[in-house]
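All remarks here apply to the structure that follows.
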Amino acid sequence: MDPKYSLLNDRQLEAVQCTEGPLLILAGAGSGKTRALTYRIAYLIEEMGVAPWNIMAITFTNKAAEEMKERVLQLVDYGDSIWVTTFHSTCVRILRRFIDRLGFDTDFTIYDADDQKTAARHAIKELDLDAKMYKERALVSYISDCKNEMLTPEDMLQDANGSYRETQMARLYERYQAILKRNNALDFDDLLLFTVRLFNENPDILDYYQERFRYILIDEYQDTNRVQFEFVWLLAKKYGNICVVGDDDQSIYRFRGADIRNILEFEDHFPGAKVVKLEQNYRSTTRILDCANAVISHNHGRKDKHLWSDLGEGRAVTFKQYETGNQEADEVIREIRKDVQRGASYSDYAILYRTNAQSRAFEERCVAMSVPYRMVGGVNFYQRAEIKDILAYLKTIAGGKDDMAVQRILNVPKRGIGQATVDKLLLFASLNDISLFEAVKRADHIPGLGKVSGKLLAFAHLIGELRDLDVPLPDLLHEVVHRTDYLSTLDALDEEQAEQKIENIEELTSKALDFENNWEGEQPPTLTEFLEDVALVADIDAVNDDEDRLLLMTIHGAKGLEFENVYLTGLEEGLFPSYMSMSTGDPMDIEEERRLCYVGITRAKRALHLTSARARMLRGDNMYNPVSRFVTEIPPEYLGLSTKKRTDEGFSRAEAPAPRPKPTPKESFGRTFEIKKASSLPYDVGDRVVHQRFGEGTVREITDGKKDFEVLIDFDGYGEKRMFASFAKLERI
DNA sequence: AGTCAGCGAGTTTTT
DNA sequence: CTCGCTGACT
């Protein structure tokens with residue numbers, strides 16, 4: 001056996017060598033589960049002679065998948081022929097091949113949360129129900145819950161048992177599905193659901209994939225839901241070589257349908273399953289682990305587990321209560337900055353919080369004190385209006401079947417095509433059973449449109465032109481922005497906002513460039529492939545490990561990550577645990593919050609700081625909350641507090657910042673995006689130039705920005721405009 | 001068709 | 001506080 005396996009501890013080795021049959025690895029936080037998984041893959045290939053393409057490993061995020069793939073590649077050759085992906089991309093790959101058996105086109109589009117909301121709104125409207133009584137938000141989550149439980153609209157109609165409201169909800173669900181079908185679209189839940197349906201209805205396809213994936217590994221198994229379980233179970237039942245890794249104490253996605261029973265009852269689902277526990281923690285000091293154990297021990301019905309570490313006591317865990325949320329933010333950022341001035345790196349620090357709303361105070365302080373930071377989550381990059389607009393153009397160019405995309409851009413930038421026109425188009429489209437874009441193309445045959453039909457035809461022509469371009473992705477993006485004169489939509493905004501949006505568009509362009517450069521296929525990637533990649537990315541996927549920045553994120557976002565120093569903030573009753581979880585009366589809700597707290601604590605390697613505030617601004621007014629029960633569940637002496645004065649300020653920390661061994665350089669993982677920036681411009685200050693929209697003008701100023709040249713042009717008739725050179729496409733005259 | 005003021009509602013976590 | 005929607009006006 002290869003000597004590298006001696007790097008594993010006994011339990012890890014056991015997990016690696018138990019290759020046949022069902023295996024549950026109960027991996028405590030920081031217990032080296034990724035190591036166990038990657039070595040297991042290597043062992044299967046090297047020692048058991050398993051073909052790499054017979055192995056499938058599934059993770060929850062692309063980032064986790066990439067990391068695992070990379071670590072496997074370091075261990076064995078042919079590592080790249082292993083399927084290491086997320087549930088969702090696996091399903092997309094399968095559906096792209098076979099979804100026609102379910103009556104969809106293989107070029108289906110994927111709806112994100114916003115699209116789902118729009119579809120829900122349409123469904124409510126189509127059934128002519130009171131929007132006050134039937135909220136799209138509630139409908140979307142109802143539908144999602146149904147799908148996670150694999151319940152069809154027909155099932156729900158029956159379950160409704162005559163109840164008016166339940167019946168209406170089921171009908172809305174039905175309607176929603178019809179809308180998606182009409183648009184040849186699938187939502188996130190459908191990806192899983194349809195794949196399972198495909199397997200159930202087509203034994204030949206199921207058999208094909210069962211043969212293909214004889215060895216299956218699932219990461220973060222505690223966060224799988226019912227459909228995901230079904231998917232795994234179907235694939236694994238033939239050979240039974242299923243290895244799942246998880247930690248019931250880290251199950252934090254119940255609200256999304258994750259069913260903790262999947263891991264608690266694994267041995268019932270897969271009879272004869274072997275269980276291996278990884279209990280040695282290689283991440284945190286004992287003081288941090290003590291706190292984690294103290295908190296989680298208040299939960300019931302856990303799998304028996306004793307996490308331990310031999311990394312020594314380490315530094316004391318601290319708890320501080322501040323007067324206000326703003327003060328909390330100010331002091332925390334100040335402390336971190338001080339540590340950095342003494343030699344620490346920002347990238348060794350993470351600030352974690354329960355809700356995204358809390359990020360704002362920290363962000364403001366970072367900006368004010370010039371602390372470099374990176375916020376993960378919040379408003380997703382791909383949810384920003386300008387990005388969605390551009391993507392809607394790309395979707396329309398790619399297929400044109402997605403009515404929602406067409407509707408989004410028909411009048412962006414303004415073309416004088418209003419709602420009344422869109423309604424007529426939609427009516428015509430549904431009467432003739434064609435897509436909205438088809439209707440636009442035939443605008444001159446639609447009665448009652450008048451002169452607006454000319455504008456519609458011009459739009460269709462524009463899309464046709466863009467469709468005919470045979471250029472690389474980043475160039476296509478450029479062309480979309482220019483030929484549609486998209487930047488004119490930014491005129492109404494103030495300069496700062498407009499600049500931010502331009503930067504976002506530039507970032508999208510560089511992502512396209514990056515996508516193309518990393519493409520491994522024989523043919524250059526198609527537009528559809530790019531759109532799919534974009535649809536399935538998560539926020540955390542974009543975190544670049546090389547950046548020396550302080551990280552701000554929710555505790556959910558931090559799952560699976562680790563940091564030298566962690567600030568766990570906002571530890572107040574009503575915030576964490578959240579008011580929602582306290583008011584349902586279901587103790588399971590509080591337990592989930594407690595697991596979340598456990599996850600937060602165990603992200604820390606060497607230093608952990610707990611903070612809270614007496615008063616906190618929320619939705620405009622102040623709330624005054626007591627210190628979180630999770631803090632009081634930790635014995636006060638662990639926090640250096642006397643038992644009597646426990647809610648007072650913790651003792652001050654005089655110790656030096658945690659030193660770091662030396663950053664290990666990571667090759668190829670931190671992908672950098674470079675914007676194509678011209679080395680010089682074909683014009684200079686004082687030259688006369690022409691812009692496609694603003695016409696002629698004189699160059700007043702050229703500033704060399706980080707990413708691009710910024711130019712100030714005095715247009716005859718429009719006055720001075722500041723613009724980015726690469727987008728302005730000015731020509732000298 | 002576009003614009004703007006005024007109003008009401010809403011925030012837990014997300015692939 | 002902030003977003004998004006509605007309805008009246010240009």
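Sequence lines set the chain letters: A, B, ... in the order given, protein chains first and strands last, and positions in each chain run from 1.
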Inset, instruction - Could you check which of B:dT3, B:dT15, B:dT13 has an atom nearest any side-chain atom of A:T61? - result: B:dT15
Inset, instruction - Quick one: label A:N411 by what it contacts on the DNA or RNA (base, sugar-phosphate, nothing), any heavy atom closer than 4.0 Å. - result: sugar-phosphate
Inset, instruction - Decide yes or no on salt bridge (charged side-chain N to carboxylate O under 4.0 Å, His left out) for A:R603 and A:E562, but give the supporting numbers first. - result: CA-CA 5 Å; A:R603 297 310 95 195; A:E562 58 179 31; over 6 Å; no
Legend entry - Integer-rounded Å distance: B:dT15 P and A:M553 CE: 12 Å
Inset, instruction - Would you mind classifying the nucleic acid contact of A:T355 as base, sugar-phosphate or nothing, using non-hydrogen atoms under 4.0 angstrom? - result: sugar-phosphate
Inset, instruction - Salt-bridge test for A:D187 and A:K147: reply yes if a basic N is under 4.0 Å from a carboxylate O, no otherwise. - result: yes
Legend entry - Distance in angstrom units between A:I417 CD1 and B:dA1 P, rounded: 10 Å
Inset, instruction - Compare the aromatic ring of A:F255 with the six-membered base ring of B:dT13 and state whether they stack according to the 5.5 Å and 30° rule. - result: yes
Inset, instruction - Return no unless some side-chain N or O of A:N62 is found under 4.0 Å from OP1 or OP2 of B:dT15. - result: no
Legend entry - A:K424 NZ: over 12 foreign heavy atoms closer than 6.0 Å: yes
Legend entry - Qualifying residues under side-chain hydrogen bond (donor to acceptor under 3.5 Å, both in side chains), relative to A:S89, sequence neighbours excluded: A:T86
Inset, instruction - Could I get the full list of side-chain hydrogen bond (donor to acceptor under 3.5 Å, both in side chains) partners for A:D330, not counting sequence neighbours? - result: A:R334, A:R365
Inset, instruction - Grab the CG-C1' distance between A:L561 and B:dT14 for me, whole Å please. - result: 15 Å
Inset, instruction - Kindly point out which of B:dA1, B:dG2, B:dT14 is positioned nearest to the side chain of A:K414? - result: B:dG2
Inset, instruction - Would you mind telling me which of B:dT14, B:dG2, B:dT13 lies closest to the side-chain atoms of A:R256? - result: B:dT14
Inset, instruction - Classify the nucleic acid contact of A:E592 as base, sugar-phosphate or nothing, counting any heavy atom under 4.0 Å across all strands shown. - result: nothing
Inset, instruction - Let me know the distance between CD of A:E220 and C1' of B:dT14, rounded to the nearest Å. - result: 14 Å
Legend entry - A:K455 or A:F60, whichever maps to the more 5' nucleotide of DNA chain B: A:K455
Inset, instruction - Can you run down the salt bridge (charged side-chain N to carboxylate O under 4.0 Å, His left out) pairs that involve residues 570-584 of chain A, sequence neighbours left out, and say none if there aren't any? - result: A:E572-A:R616, A:E573-A:R629
Legend entry - Nucleotide nearest A:T554 (side chain, heavy atoms from C-beta), chosen from B:dT13, B:dG2, B:dT15: B:dT13
Legend entry - Test side-chain hydrogen bond (donor to acceptor under 3.5 Å, both in side chains) applied to A:R197 - qualifying residues, sequence neighbours left out: none
Inset, instruction - Return the value, rounded to whole Å, for the distance between atom NZ of A:K117 and atom C1' of B:dG10. - result: 10 Å
Inset, instruction - Please name all residues satisfying side-chain contact (heavy atoms from CB on, under 4.5 Å) with A:D249, sequence neighbours left out, ordered by chain then number. - result: A:D247, A:I296, A:R302, A:K305, A:Y598
Legend entry - Residue-phosphate contact under 4.0 Å: A:N225 side-chain N/O, B:dT15 OP1/OP2: no
Inset, instruction - Using atom CG of A:D112 as one end and atom P of B:dT15 as the other, report the distance to the nearest whole Å. - result: 12 Å
Inset, instruction - May I ask you to list the residues of residues 134-148 of chain A, by number, that have any heavy atom positioned under 4.0 Å from an atom of DNA chain B? - result: A:K135, A:R137
Legend entry - Interatomic spacing from CG in A:L193 to CZ in A:F231 - rounded to 0.5 Å: 12.5 Å
Inset, instruction - Check if the side chain of A:H556 and the base of B:dT14 share a donor-acceptor pair of N or O atoms closer than 3.5 Å. - result: no
Legend entry - Side chain of A:R360 (C-beta onward), nearest among C:dT2, B:dG2, B:dT13: C:dT2
Inset, instruction - Could you tell me the separation between the CG atom of A:N326 and the P atom of C:dC1, rounded to a whole number of Å? - result: 13 Å
Inset, instruction - To the nearest Å, give me how far apart OH (A:Y353) and P (B:dT13) are. - result: 10 Å
Inset, instruction - Could you measure between the two C1' atoms, the one in C:dG4 and the one in B:dT13, and give it in whole Å? - result: 23 Å
Inset, instruction - Choose from B:dG2, B:dT14, B:dT15 the nucleotide whose nearest atom is closest to any side-chain atom of A:Y253. - result: B:dT14
Legend entry - First of A:R415 and A:L596 reached from the 5' end of DNA chain B, by closest nucleotide: A:R415
